[in-house]
Amino acid sequence: MELYYKSTRNAEEKVSASQAILKGLADDGGLFVPEQIPHLDVDMERLAGMSYQETAYEVMKLFFTDFEEDELKNCINKAYDEKFDTKEIAPVRQADGAYYLELFHGATIAFKDMALSILPHLLTTSAKKNNVHNEIVILTATSGDTGKAALAGFADVPGTRIIVFYPRDGVSPIQEKQMVTQKGANTFVVGIRGNFDDAQTGVKRMFGDKELAKEMEEAGFQFSSANSINIGRLVPQVVYYVYAYAKLVAAGELTVGEEMNVVVPTGNFGNILAAYYAKNMGIPIGKLICASNDNKVLYDFFATGEYNRNREFILTTSPSMDILISSNLERLIYKIAGEDAERTAILMNALQTEGKYEITPEMKAALKEFEGGFATEEEVADEIKKLYENTGYVIDTHTAVASRVYREYGKKTGDTRKTIIASTASPYKFTRSVMDAIDSGYGAMSDFELVDELCRISGVKVPQAIEEIRTAPVLHDTVVERDGMKEVVKKNLGIG
């Protein structure tokens, strides 16, 4: 049975999976959601014996129903190959009472690789299926990790170009170096003088710009998105929660049907939404614990029912979570609003015009599976230090937000269910913040001296992604004001 996708803001718009992947964003500015979340049709004993690639097929075939079996398997096999430095793709590591789901073994050492390794293949397959002859322009805003993972995924993919905007002073030195040294004739990286929300807002505005779309069509281009607003990025993220549960069953850590909790460090809400989709597919997940840093707009939302971005934007050591407009939350809002597109559109309009909205008591009651928590900068550093001293295991700053929230949640509730913590980036991506947390005496070392020191104390080999950028030349040095984004896109495409 074919599964169709509809817009969160318009009940009338309905498209196939491949059309939703191609478009990225619905015409009305809404996000595409499946008409229903499918139920897994393979039992857990079989899943427990499957590879990551096999698990990916069992999950994705239920969402991407207009893909032929060989098309989908081809996308999966091209994505999850030797680019990953572990055979398991997403290994689970036990440390200090929790299970860390390591999602950073791909080409750019962050969890975004899990979806952005497959998105180019899903997108180019979708273009063929829909007889699209335009060149596809991937337009993306990044808070640090999406940008590099998307650039790596789309570099030199025929029929595509990719333009990435990032906050010039809002990413780690390693994140920036990874992006500005990116090779590929079809890649373009632009720093903006502003924060991630400014970049994301500018990108969304271009997606909704009908005049720009017309100019692009005339020149043989069309936009698509690599941000987690694209359903082609969200669905692959569901896979690793299914895989993690199955692996804990295979290891005898869980019995079939036993609930586990999931803790996710969250900025744009896509990663935890994927866990929610896995739960709705039938994976026994108890609490979905949403971990925020000092930009705790989501923590406040789960506590009060009001989403309010009218607050100070704080630069933290977990920059991929420095976000005040969590785009993917719209998909959850739509669900708890009873799939009422009109109500969702009103709330999203309020967010755009007033910077806030409030959900009804009935909608808030529908969030009982979720729990919010946050960790301060001091708590994040303390968590990294304590975990290293107790176990020798080194985690990055984003994972530390989740790890600290997990411990505080356990103390507060007494909930002893086994818990998966989404470990979203390698500590090598945020070396200075991680090493400063472990020992303040490292301050005089250069970034790459710190890399070598981290290797020494952790016993973990320096990832290829880091070795590559030690001496790589800067290939992208464009910086623009927030209001200059559209012009730089047009210039890059040679239009207007």
Side-chain angles (χ1 to χ4, degrees), residues 7 9-10 12-13 15-16 18-32 119-120 122-124 126-142 146-147 150-151 153-167 179 182 184-194 196-227 229-233 325 327 345 348-349 352 476-496:
S7 167
R9 302 187 196 181
N10 179 0
E12 304 307 309
E13 186 169 2
V15 298
S16 68
S18 62
Q19 288 168 333
I21 290 166
L22 266 176
K23 288 165 78 76
L25 203 61
D27 291 339
D28 51 53
L31 308 189
F32 286 115
L119 183 61
L122 294 173
L123 200 55
T124 50
S126 296
K128 282 180 196 151
K129 293 176 85 64
N130 289 277
N131 299 310
V132 170
H133 302 296
N134 284 342
E135 194 167 347
I136 295 165
V137 180
I138 305 299
L139 193 63
T140 291
T142 185
T146 287
L151 288 161
F154 282 95
D156 294 324
V157 171
T160 69
R161 292 195 198 187
I162 176 161
I163 305 171
V164 169
F165 291 96
Y166 75 97
M179 286 189 283
Q182 176 66 49
N186 65 336
T187 65
F188 196 60
V189 180
V190 186
I192 71 156
R193 295 186 182 94
F196 169 73
D197 289 328
D198 297 323
Q200 183 168 251
T201 299
V203 164
K204 281 186 172 179
R205 198 170 285 137
M206 281 185 272
F207 270 105
D209 188 329
K210 301 287 188 282
E211 189 182 312
L212 180 58
K214 185 168 177 286
E215 285 183 74
M216 289 182 61
E217 176 68 35
E218 287 168 359
F221 298 111
Q222 69 185 64
F223 280 142
S224 190
S225 171
N227 280 91
I229 55 173
N230 193 317
I231 200 73
R233 236 191 86 179
I325 304 172
S327 287
M348 294 306 115
N349 185 58
Q352 189 174 348
H476 307 272
D477 57 6
T478 303
V479 180
V480 299
E481 300 296 334
R482 285 174 289 194
D483 58 5
M485 292 170 65
K486 179 175 169 179
E487 287 314 306
V488 88
V489 167
K490 289 174 71 168
K491 183 180 175 186
N492 178 252
L493 300 178
I495 61 176

Judged by atom type as modelled, is there a donor-acceptor pair below 3.5 Å linking the side chain of R161 to the main-chain atoms of F188? no
When you check the side-chain N and O atoms of T201 and R482, is any donor under 3.5 Å from an acceptor? no
Answer yes or no: is there a donor N or O on one side and an acceptor on the other, between the side chain of Q19 and the main chain of S16, under 3.5 Å? yes
For A226 versus A150, what's the shortest heavy-atom pair and its separation? CB-CB, 4.0 Å
Expected output: side-chain T142 to main-chain G147 donor-acceptor under 3.5 Å: yes
L123 side, atom CG; I21 side, atom CD1 - distance, nearest 0.5 Å: 7.5 Å
With rounding to the nearest 0.5 Å, note down the distance linking CE in M206 to CE in M485. 4.0 Å
N230 side chain to S225 side chain, donor-acceptor N/O pair below 3.5 angstrom: no
Using atom types as modelled and distance alone, determine if a side-chain donor or acceptor of H476 lies under 3.5 Å from a backbone N or O of V190. no
Are the side chain of N134 and the backbone of E217 linked by a donor-acceptor contact shorter than 3.5 Å? no
Would you find more than 12 non-hydrogen atoms of other residues, nucleotides or ligands less than 6.0 Å from R205 atom CZ? no
Rounded distance (nearest 0.5 Å) linking atom CG of D156 with atom CD1 of I162: 11.5 Å
Hey, is CD on E211 packed in by over 12 heavy atoms from elsewhere, all under 6.0 Å? no
Parallel, tilted or perpendicular: which describes the rings of F223 and F207, with under 30° parallel and over 60° perpendicular? tilted
Donor-acceptor contact below 3.5 Å, side chain D28 vs main chain S7: no
Verdict with supporting geometry, K214 and E218, salt bridge (Lys or Arg N to Asp or Glu O under 4.0 Å): CA-CA 6 Å; K214 185 168 177 286; E218 287 168 359; 3.2 Å; yes
Do the side-chain N and O atoms of T160 and E135 include a donor-acceptor pair separated by under 3.5 angstrom? no
For T124 and P158, the nearest pair of non-hydrogen atoms, with its separation, is CG2-O, 4.3 Å
